[in-house]
Structure formats: C-alpha cells, structure tokens
Amino acid sequence: MSNPYIEAFEKSINDPEAFWGEIAEDCHWYKKWDKVLDDSNKPFYRWFVGGECNTCYNALDLHVENGRGDQAALIYDSPVTNTIKKYTFSELKDEVAKFAGVLKGLGVGKGDRVIIYMPMIPQSVIAMLACARIGAIHSVVFGGFAAKELATRINDAKPKVIVTASCGIEVKRIIPYKPLLDGAIEMAAFKPDKCVIFQRPMETASMIEGRDVDWDEAVKDAKPADCVPVAATDPLYILYTSGTTGKPKGVVRDNGGHMVALKWTMKAIYNVDAGDTYWAASDVGWVVGHSYIVYGPLLKGCTTIVFEGKPVGTPDAGVFWRVISEHKVKALFTAPTAFRAIKREDSKAQLMKDYDLSQFNALFLAGERLDPDTLHWAEKSLNVPVIDHWWQTETGWAICANCLGLHHYPVKQGSPTKPAPGWNVQVVDENNQLVKAGEIGALVVKLPLPPGSLPTLWKNDEGFKEAYLNEFPGYYKTADAGFIDEDGYVFVMTRTDDIINVAGHRLSTGGMEEILADHPDVAECAVLGVEDQLKGQVPVGFLVLNAGVDRSVDDIIKEAVQMVRDRIGAVASFKKATVVKRLPKTRSGKILRGTIQKIADKKEYAVPATIDDPEILNEMEEAVQKIGYGKARS
Ligand code: COA
Ligand code: AMP
C-alpha cells in the first residue's frame, strides 16, 4: 500500500527534475534556474544550473521579512561557562551582516576562502553565515584537531582570512587556540592575509601586529554587508574529511542544491516546522554541525541550539534533558556514543525525572552503527521514536532514514530503515553486479546523487572520480558494506576502507600509521579500530621496532601516542599501542589486519590460508591481551 514516503521516493527516482524542482519553489531565488539537473558532463551532475540565490538570505533575511524577526533563531547554551544567550532572527541577521562587513573590509569577496577554527560559540555560526552572505567559501576546521591538521587544510583551501577564538573549553580544561593557529600558519606553505580573533574572557590571545584583528574591535566599526547573489552551483563551503591516507579530502557543497535539500529534510525526515526548536548535539566542525546546527534549522525557520558542553560531566548526565526541557526541543540529533555515555552514568535515567520532556517528539542518531542496547535504552527511557539514520560527510544529509515527516516505519534493529527520497541505494558485488536481497556487498548509490550531496572535491575532479565513482561505474561508492533485506530495509555493516568512527568522529587509521612510521625506532606498524563500549571504536597501534633498538619499550609507546596527539589531535583518542616482534602477513607481504582485528575484538576467526607463518597468531593473541583485549582461536 502506498504512503507519502513511497510516493516521494518513487517520484524522486523516476522524475528527479520534477521532484526537486517543486521542492525548490520553497526557497527564495534571485533568478530561477534554467535547468533543475544538468547531466551534460557525466559523471558530474549539477543542480539548479542558471539559478541565483543566497543561502544566508534564505536562512535569515527571508524569515525577518516574513515576520519571524522576533523569534529565537539561535540559543547558545553553555554549561561550561554558565551562559544561556538567545539571538532572534533579527539580531542574528544584524550580527552576521556586521561580521560580513568585517570580512569584506579585509578584502574577502565572492569565491575567496575563509577558514573557521572555532569552539561551540555563536560566533562560529555568525562567521559561517557571514561568508555565505558575501559569497565567500567557508571551511570550518574542528577545534579538536592539532596544528598540523589545520596546516594541511590551510595549504589546500588557501584562505584569505582565518577566523578563530582565543580558546575552547573541554569540560573544565581551557584549550588555547591561538598557539595552535600560529603553529599551523608557521607550518603551512600558504599564508593567510589576516586572522580575526574572538577574545573570550577566560583566555586572552596574544596578537600579531599587522596580521591579527580583534573581532569585537572590527565589528564595532564595520559597515553591515548585504547578501550577494551567487550561482546555485557556486561552492558554499569546503569540509575536509578523513580519506584513506593522512591527506584529508575537501568535500565541496554548493549553494542551491544544498539549500533546497536541507530545508526540505527538516519536515520530511525530522518532522519539524518553522517555529519549532531543533537541536543537533554535535559540533560545527563536523558535517552534522554544518547541516543541522546551522543550515537546516535556520533555512526552515526553526530555533537552533549551539551547545557548548558534553553529554556527561557538564555538570552531569542530566544535561541533555535539562536543555530539551528548558528550550522546548522537539527533535534531538546526536551520535549513539553520547547516549552510551549518559547510560553509563545514569543507567536508570533517574536524572530525566527532574525534567518535563512532554514536547519532545523524536531522537535521531547517526555517525556510527546504532547498537541494540543503546537503541532499546533510549526507546524505553524517552518513550518517543528513536531513529537511526545513515549518512556521511560527503552526502550532507541522510542516505537512509525512517522519514518521520513522511511515514514512520516499524524499526528493525541494526537498520537505518529505507533510502531517503533521492537516494537510489543498491548493493553490488566486486564485478558491479546487483546482489540478491539479504546478500552482503558494497553499498552504492545510483547516479545522480540528489541535491545537497558533494558535486566534487575541492580543486580535485580526478580525485573525486577516483575516490567515489571509478570502482563501480554509474554509482557513487559509499565505502560502506551491507545489505538490503526483502522489505527494502538497508543494513550498514562496516567500512570497506581504513576509516574508523571514534565517538562519532571519523578518522583514518592509515593517517595514524603514517605518523607512527615516522618514529625513528618504528620499522613498521598497523593501527586498527578496536571495539569500545563507550566510543564504538578506538584506535590501537601495533609497532614493530627496528632491529637493535634497546630503549625502553614504554618510552617508545609514550612517544608514539604523543606523536599522534600532536599531529592529529586529542580527538583521535589514540591512547594504546603495543610492541610486537612482527605482524601477521600473507605470503605476499600484506598485513592481515582483518585477523588482528578479530583477535582484538574477541571474535571467532579462522587461520587465513594465505598466512606466512601461523605461529605468529599466538604472539598476536598475547600482545592484544597485554593491552586488555583478545580471544582464543576457534
Ligand atoms: N577541542 C579540543 N579538544 C577536544 C575537542 C575540541 N573541540 N573535542 C574533543 N577534544 C578532546 C577531548 O577533550 C579529549 O581529550 P583527552 O584525550 O585529553 O581527554 C579527546 O579530544 C577525545 O574527545 P572525545 O572523543 O569527545 O572524548 P571524551 O572522552 O571527551 O567524551 C563523549 C566522550 C562520548 C562524551 C563525547 O565524544 C561526545 O559527547 N560525543 C558526542 C557525539 C558527537 O558529538 N559526535 C559528533 C558527530 S554527530
Ligand atoms: P562521517 O563522514 O563522519 O559522517 O562518517 C560517515 C561514516 O559513518 C559512514 O560511512 C558509516 O561508516 C558511518 N555511519 C554513519 N551513520 C551511520 C549509521 N546510522 N549506521 C552505521 N554507520 C554509520
């Protein structure tokens, strides 16, 4: 029997131009598009070609003009600084226009890049929207990344200006950002013209004469800037994400398709309307933050929340319930790891009893596989639909979801339900042939991808094809493996590359291996994502030392751990490594990562037929047990 989801899905696949063309009418356009979908340069596709729009105008000015000026647009709730501050749509528009004026005054114009390296404060959102207002391209770098990661992004994006704050706050710890920024600029081959620094009261950053500009000073004298029409196909932002090497991939997002798709998802997927409060408990440095702290809710006219805190410890495991109740949150989006952290501290959800959650309608989880325990605990404690949805930095919004605003399907544990409209998800084998229902294979999406997904990688069309399009011609490779069952439910099982998800943060183990291999005493190494009760996965390193090294093994491990922290950042959560005599390999010399992984994850495994020397597996079992993991062979 048909339902609004089936109707929307079928139309989106059979007639994408009609489907998205109608949806696009909900946005403001300076000039309508000439063509909804341009497929004249396959495998590249462009949406709303010929159209002109401004994403910031649609997120702010339009609502002010339509009478929402006095409604809260953004609530900054910061338990770490004991602050709650609200901005109405009018106030946020004025702040954004002023900061856009600052950027203009610093010479930033259409197409110029601005890197934003900021904690979870309203100024981060203001800076992003200010870029959008004047057609500049922002690239937000997560505050937990180290200077080296920032330097890599500076070299690739070549920003005219970098915007930062004097510090971030991790529970009670002040993290000064300015030394990281200065270090990154020192390391980078490309140098920005200017840096704008937002000074926070708990840490004053020292300024470099001639290069650094004080946010408050600059805003005081700034002339507000108006929205600039940009082509629908012009980039709105670049967001770097882990690839299969230490070099991150610059995911590009356009203006038109992104604006159309995200606004529509607010009702179709999350079932919220203009005027509702929507909260994504993530960070503006991740894609979830871009799409659902900033753009989605504001485009829809919702109130969004910028939360500077953690699910536990700021001050306790009841903070999520306090925020939901105090700001009348209708839908919350976070990662399962946040709920695991809460459940660990308050397993009976006692702290929930102190709050009125009667207006709360649904919980959305993504970023990693949703484990059954967390799903059931959340369902039981909250008594609202708990919706697992699958997406990636590249896709910008959910590939699969139980689309609450269209039709709510029964939940199948372990499945993010069905492809969202626009996503023609298939499962193929290594020969690019469709497999039968229930059979595991590569999860791919038939081209074209819907609006809002990445049109390419920043200045790297070839890299885009190589990473996503070449392996399965005609499809986008998600690099996730899984299956679709008889009822059309999609199950996402595992990545097919070296990406791991640590507390919902995406990291490349290959990138960590590159760093460890730089240690003078390390001959070779393997880093694997091992199962972790709180974070889902954590990286663990296995190091083989050079012959003749007679230094303390503990010292070498400490140095190795510190190297990853220094170069990637604390967010890598790389805390455990062990020294082994050798790594298990095939006869052709390939490291048997899958086998090490199974040993560490306490999974049954068979001795691989291609193994060079089966004896080594005993050594590996001992090594993983030494660091607290492990299991005997079947
Ligand atoms: N700036 C500087 N450092 C940061 C940082 C930031 N923005 N974010 C995290 N870090 C640091 C942490 O302080 C921690 O440092 P430590 O090793 O010295 O303790 C390290 O990076 C790891 O951080 P995290 O993975 O967040 O672990 P945690 O133990 O501090 O918290 C959770 C665990 C589960 C509570 C936390 O990860 C969380 O709230 N996750 C929510 C999910 C989420 O936001 N996902 C994003 C995608 S939806
Ligand atoms: P990121 O780009 O950080 O959003 O990470 C994307 C990856 O996270 C995906 O390719 C998946 O491997 C994983 N992921 C995201 N959401 C889910 C989900 N709901 N279920 C299983 N895995 C997920």
Side-chain angles (χ1 to χ4, degrees), residues 27 53-63 68 71-77 85-89 91-93 95-97 99-100 103 114-143 163 165 227 235-240 251-255 257-266 269-270 272 274 276-308 327 329 331-334 364 366 391 393 395-398 452:
C27 294
C53 59
N54 184 285
T55 300
C56 178
Y57 181 84
N58 275 274
L60 298 175
D61 306 50
L62 187 64
H63 302 307
R68 290 195 177 276
Q71 180 200 310
L74 185 155
I75 302 175
Y76 169 53
D77 188 311
K85 185 172 160 69
K86 297 189 183 180
Y87 295 74
T88 63
F89 273 100
E91 287 164 345
L92 192 59
K93 177 190 148 227
E95 296 284 335
V96 167
F99 194 66
L103 291 176
V114 174
I115 280 189
I116 300 173
Y117 183 59
M118 298 277 268
M120 282 295 288
I121 54 177
Q123 285 70 22
S124 312
V125 179
I126 290 169
M128 290 165 79
L129 290 166
C131 290
R133 195 167 185 87
I134 57 172
I137 303 166
H138 62 68
S139 185
V140 183
V141 178
F142 176 61
V163 185
C227 293
L236 169 69
Y237 71 76
I238 310 165
L239 178 58
Y240 289 89
V251 168
V252 172
R253 200 81 64 208
D254 67 12
N255 273 276
H258 173 255
M259 160 180 97
V260 169
L262 282 196
K263 186 171 185 183
W264 171 80
T265 61
M266 295 305 293
I269 297 182
Y270 300 100
V272 293
D276 289 338
T277 304
Y278 177 93
W279 178 25
S282 177
D283 187 289
V284 286
W286 306 119
V287 67
V288 174
H290 281 65
S291 294
Y292 292 111
I293 294 174
V294 185
Y295 290 110
L298 294 178
L299 286 164
K300 185 70 183 172
C302 294
T303 303
T304 188
I305 295 183
V306 172
F307 174 70
E308 190 181 30
H327 307 305
V329 172
L332 166 66
F333 178 175
T334 191
F364 293 84
W391 54 304
T393 305
T395 67
W397 57 284

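By convention here, the first residue in the shown sequence is residue 1. Since the model is a prediction, treat every value here as computed from it, not as a measurement. Both backbone and side-chain heavy atoms feed into the values below; hydrogens, waters and symmetry mates do not.
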From [X] [atom1] over to [Y] [atom2], what is the distance, rounded to the nearest 0.5 angstrom?
X	Y	atom1	atom2	value
L60	L92	CG	CG	5.0 Å
I137	D254	CD1	CG	11.5 Å
L299	H63	CG	NE2	6.5 Å
L62	F89	CG	CZ	10.0 Å
L236	N255	CG	CG	4.5 Å

Item to complete: Indicate yes or no for a side-chain donor-acceptor contact from S139 to the backbone of I238 under 3.5 Å, with no hydrogens or angles considered.
Response: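 Yes, S139 side chain to I238 backbone: donor-acceptor pair under 3.5 Å.
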Worksheet item: Do I75 and V306 touch side chain to side chain, with heavy atoms closer than 4.5 Å?
Response: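 SC-SC contact between I75 and V306 ruled out.
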Worksheet item: Going by heavy atoms in the side chains, are V284 and M128 under 4.5 Å from each other?
Response: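 When only atoms from C-beta onward are counted, M128 and V284 do touch, with a gap below 4.5 Å.
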Fill in: Trace of the side chain to side chain donor-acceptor pair (under 3.5 Å) decision for Y292 with T265
CA-CA 10 Å; Y292 292 111; T265 61; 2.7 Å; yes
Discussion item. Can you tell me which residue among W397, W286, F333 is in a ring-ring contact (aromatic ring centres under 6.0 Å, His included) with W391?
Written reply: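 In the set W397, W286, F333, the residue that makes a ring-ring contact (aromatic ring centres under 6.0 Å, His included) with W391 is F333.
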Taking all non-hydrogen atoms of both residues into account, name the closest pair between [X] and [Y] and its distance.
X	Y	answer
I293	A280	CG1-O, 3.3 Å
A130	L103	CB-CD1, 4.1 Å
H290	H138	CD2-CE1, 3.7 Å
C56	D61	O-OD1, 3.8 Å
N54	A132	ND2-O, 3.1 Å

Worksheet item: Cation-pi between K85 and Y87: NZ/CZ under 6.0 Å from ring centre and within 45° of the ring axis?
Response: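 Yes, K85 and Y87 form such a contact.
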Discussion item. Would you call the rings of F364 and Y270 parallel, tilted or perpendicular, taking 30° and 60° as the class edges?
Written reply: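 Perpendicular.
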Worksheet item: Can F142 and V140 be said to form a side-chain contact (heavy atoms from CB on, under 4.5 Å), step by step?
Response: CA-CA 6 Å; F142 176 61; V140 183; over 6 Å; no
